[in-house]
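Single-structure report; data block below.
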Amino acid sequence: MKHQPCFCRLLLCALFLCLAMYCGQASAAEDSAVRTGKCTIVSGNHTYSPSDCLIKKGMDENLSWLIIERKDGRPLLEEILLISVTETTPGTAEVSGLTKDGINSRWGEARFDGRCWSGDDFRICTD
């Protein structure tokens, strides 16, 4: 019975640790936002401007991410259901698109110009 206070302290520390981890996850979730709006995607020689884009933005360890898809689930352009932009360093991101067949197609690196993400043969803007 002499060790019971120590055991209680250990349980209390474990409880606080679990709460701290949960609060950290809840805080990270609050760093993301979902909204509808207009997006413009230029790919090759084609420009797509659906007005019903579902735009998800967030931060992960001081780097931003962006996911664009149509609110109704239709493709954004031709076979692409959604586009993801994941910042790798400030102002530089990796861009990929998810096809209707579930294939994650890498578009390449993009740079942020203050309004849009631009790569070698694509440009992605959200309003």
Is the closest side-chain heavy-atom distance between [X] and [Y] below 4.5 Å?
X: Ile83; Y: Ile67; result: no
X: Leu66; Y: Ser84; result: no
X: Thr36; Y: Ile55; result: no
X: Ile41; Y: Arg123; result: no
X: Ile80; Y: Pro75; result: no

Exercise. Atom CD in Glu94, atom CD in Glu109: separation rounded to 0.5 Å?
Worked result: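 Here the rounded value is 6.0 Å.
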Problem set entry | Audit row: Arg115, Asp127, salt bridge (Lys or Arg N to Asp or Glu O under 4.0 Å) steps and yes/no | CA-CA 9 Å; Arg115 187 178 177 296; Asp127 296 330; 3.0 Å; yes
Quick one: closest heavy-atom pair of [X] and [Y], and the distance?
X: Ala93; Y: Val85; value: CB-CG1, 3.6 Å
X: Leu81; Y: Thr99; value: CD1-O, 3.9 Å
X: Glu87; Y: Asn62; value: OE1-O, 4.5 Å
X: Asn104; Y: Ser96; value: OD1-OG, 3.2 Å

Exercise. Can you tell me if CG on Asp120 sees more than 12 non-hydrogen neighbours from other groups inside 6.0 Å?
Worked result: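 Atom CG in Asp120 is not crowded, with 12 or fewer foreign heavy atoms closer than 6.0 Å.
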For this session: Apply side chain to side chain donor-acceptor pair (under 3.5 Å) to Thr92 and Arg111, showing your working.
Result: CA-CA 5 Å; Thr92 303; Arg111 296 208 179 272; 2.6 Å; yes
Exercise. Going by the ring pair (Phe, Tyr, Trp, His ring centres under 6.0 Å) test, which pairs reach into residues 68-88, not counting sequence neighbours?
Worked result: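 Pairs touching residues 68-88 that pass the test: none.
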For this session: Output every pair passing ring pair (Phe, Tyr, Trp, His ring centres under 6.0 Å) with a member in residues 90-115, not counting sequence neighbours, ordered by first then second residue.
Result: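 Only Trp107-Phe122, Phe112-Trp117 qualify under ring pair (Phe, Tyr, Trp, His ring centres under 6.0 Å).
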Problem set entry | Results of side-chain contact (heavy atoms from CB on, under 4.5 Å) for Pro50 - residues two or more places apart only |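 side-chain contact (heavy atoms from CB on, under 4.5 Å) list for Pro50, sorted by chain: Cys39, Tyr48, Asp52, Cys53, Arg70, Leu76.
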Problem set entry | Main-chain N/O of Leu63 paired with Asp60 side-chain donor or acceptor, under 3.5 Å |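 No, Asp60 side chain to Leu63 backbone: no donor-acceptor pair under 3.5 Å.
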For this session: Check which hydrophobic residues are tied to Val34 through side-chain heavy-atom contacts below 4.5 Å, counting indirect links as well, and list them.
Result: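 ILVMFWY cluster around Val34 also holds Leu54.
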Problem set entry | Other cluster members, Ile103 - Ile/Leu/Val/Met/Phe/Trp/Tyr, side-chain contacts below 4.5 Å |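 Cluster partners of Ile103: none, it stands alone.
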Exercise. Are Leu98 and Glu79 close enough, and set up right, to give a side-chain contact (heavy atoms from CB on, under 4.5 Å), and what steps lead you there?
Worked result: CA-CA 8 Å; Leu98 182 67; Glu79 297 291 313; over 6 Å; no
Problem set entry | Residues in salt bridge (Lys or Arg N to Asp or Glu O under 4.0 Å) contact with Lys56, at least two apart in sequence or another chain |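 Partners of Lys56 by the salt bridge (Lys or Arg N to Asp or Glu O under 4.0 Å) criterion, ordered by chain and then number, come out as Glu69.
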